[in-house]
Q: 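There's a structure below that I have some questions on.
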2 protein chains.
Amino acid sequence: MPRRNMSKTDNITFGEYIRTLRGNSNLPLRKVAAELDIDTSTLSKIEKNERNANEQIIDGISRIFHIDKSELKVRYLSDKITYQLQDEENGLEILKAAEARIKYQQRVISK
Amino acid sequence: MPRRNMSKTDNITFGEYIRTLRGNSNLPLRKVAAELDIDTSTLSKIEKNERNANEQIIDGISRIFHIDKSELKVRYLSDKITYQLQDEENGLEILKAAEARIKYQQRVISK
DNA sequence: TTCGCCTTGGCATATTTTGTCCAAAGTTAA
DNA sequence: TTAACTTTGGACAAAATATGCCAAGGCGAA
């Protein structure tokens, strides 16, 4: 079965991703953190996936680096889910089941 | 596109599912809770998806009702994920991204 | 009515997450 | 090397969440 193409940034974590953005813009943590109105060390930890981001932070990042907000959100949440399933035997099966449920809900809601 | 067959229990919540199991066996909360070594009210809440289950409880349920443990786990965790994505615009996209990540990890690990 | 079963709400406790500060460590340039 | 700047990790209290437990109330069947 053919494998879908993957962009270079598809398999990096959310933290790695936003650190890359910051690096590309040559901005220190200090500046970005100030813009986001959070502590420098908090941002550092978010970049190292040691703290959660939140809506406010995702908003800020998307604004600062002109990244589509929903793309960022997808990255963030898929990261979180991936992490949750890290040690599960049946990660893929679990995701498939969740998918089916969500599709089902969408069908039901749209009625 | 053809729709996959769905068993009747595929789109009920974890809570609804274990309540069904209990109902089919005609067991009161009291008995099952005792067997699981938790409070009756806790089990009631789990059945109503107002409290989390945990490994111990999943173990117990699978033992009591002779349900495959990994099936139960899939139900429980997919439920949880579905709930997390409840209010997200891009639920399916998020799941797809998570899937890709997990597949990628499996490929990398297996090297 | 009583009885058994289930649900609910309320705690107090425990656990997790968050925000913050600061000192130490790392980096870069002169 | 020093000096300036950046990043990191630990500690801490406060806030938010989760858990275990109990008492009161609701409901249906006998």
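Values below: every heavy atom of this structure, side chains too, minus hydrogens, waters and symmetry copies.
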Q: Test of understanding: with side-chain hydrogen bond (donor to acceptor under 3.5 Å, both in side chains), list the residues that count as partners of Lys73(A), not counting sequence neighbours.
A: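 Checked Lys73(A) against side-chain hydrogen bond (donor to acceptor under 3.5 Å, both in side chains); matches are Glu55(A).
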Q: For the helix from dT1(C)-dA30(D) to dA30(C)-dT1(D), how many degrees between its two end axes (five pairs per end), to the nearest 10°?
A: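 It comes to 30° between the two terminal axes.
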Q: Taking only residues at least two apart or on different chains, which pairs with a member in residues 21-31 of chain A satisfy salt bridge (Lys or Arg N to Asp or Glu O under 4.0 Å)?
A: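 For residues 21-31 of chain A: Arg22(A)-Glu47(A).
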Q: Could you tell me which residues satisfy salt bridge (charged side-chain N to carboxylate O under 4.0 Å, His left out) with Asp39(A), sequence neighbours excluded, listed by chain and number?
A: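 Residues passing salt bridge (charged side-chain N to carboxylate O under 4.0 Å, His left out) with Asp39(A): none at all.
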Q: Using the side-chain contact (heavy atoms from CB on, under 4.5 Å) criterion, which residues pair with Thr82(B)? Sequence neighbours excluded.
A: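 Counting only residues at least two positions away or on another chain, Thr82(B) forms a side-chain contact (heavy atoms from CB on, under 4.5 Å) with Ala98(A), Arg101(A), Ile102(A), Gln105(A).
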Q: For Lys103(B), enumerate each residue passing the salt bridge (charged side-chain N to carboxylate O under 4.0 Å, His left out) test, keeping only those at least two apart in sequence or located in another chain.
A: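 Here the qualifying residues are Glu99(B).
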Q: Distance check needed: dT6(D) C1' versus Leu43(A) CG, whole Å only.
A: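 Between C1' of dT6(D) and CG of Leu43(A): 12 Å.
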Q: Where along nucleotides 24-30 of chain C does protein come under 4.0 Å, by heavy atom, of base (B) or sugar-phosphate alone (S), with - for untouched nucleotides?
A: -------
Q: Would you say Asn24(A) has more than 12 foreign heavy atoms packed within less than 6.0 Å of its CG?
A: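 Yes, the 6.0 Å shell around CG holds more than 12 heavy atoms from other groups.
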Q: Who passes side-chain contact (heavy atoms from CB on, under 4.5 Å) against Ile61(A), sequence neighbours left out?
A: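 Ile61(A) satisfies side-chain contact (heavy atoms from CB on, under 4.5 Å) with Ile18(A), Leu21(A), Leu36(A), Ile57(A), Phe65(A), Leu72(A) only.
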Q: What does nucleotides 5-22 of chain C look like as a protein-contact string, B for base, S for sugar-phosphate only, - for none, at under 4.0 angstrom between heavy atoms?
A: SSSBBB-------BBBB-
Q: Grab the CD-C1' distance between Glu16(A) and dT7(D) for me, whole Å please.
A: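 About 17 Å, once rounded to whole Å.
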Q: What residues, two or more places apart in sequence or in another chain, satisfy salt bridge (charged side-chain N to carboxylate O under 4.0 Å, His left out) together with Glu89(B)?
A: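 Salt bridge (charged side-chain N to carboxylate O under 4.0 Å, His left out) check on Glu89(B) returns nothing, list empty.
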Q: Could you work out, with side-chain hydrogen bond (donor to acceptor under 3.5 Å, both in side chains) as the rule, every residue matching Ser70(A), not counting sequence neighbours?
A: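 For Ser70(A) the side-chain hydrogen bond (donor to acceptor under 3.5 Å, both in side chains) partners, ignoring immediate neighbours, are Asp68(A).
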Q: My understanding is that only residues two or more places apart in sequence, or in another chain, count here; which of them pass salt bridge (charged side-chain N to carboxylate O under 4.0 Å, His left out) with Glu16(A)?
A: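 By the salt bridge (charged side-chain N to carboxylate O under 4.0 Å, His left out) rule, Glu16(A) matches no residue at all.
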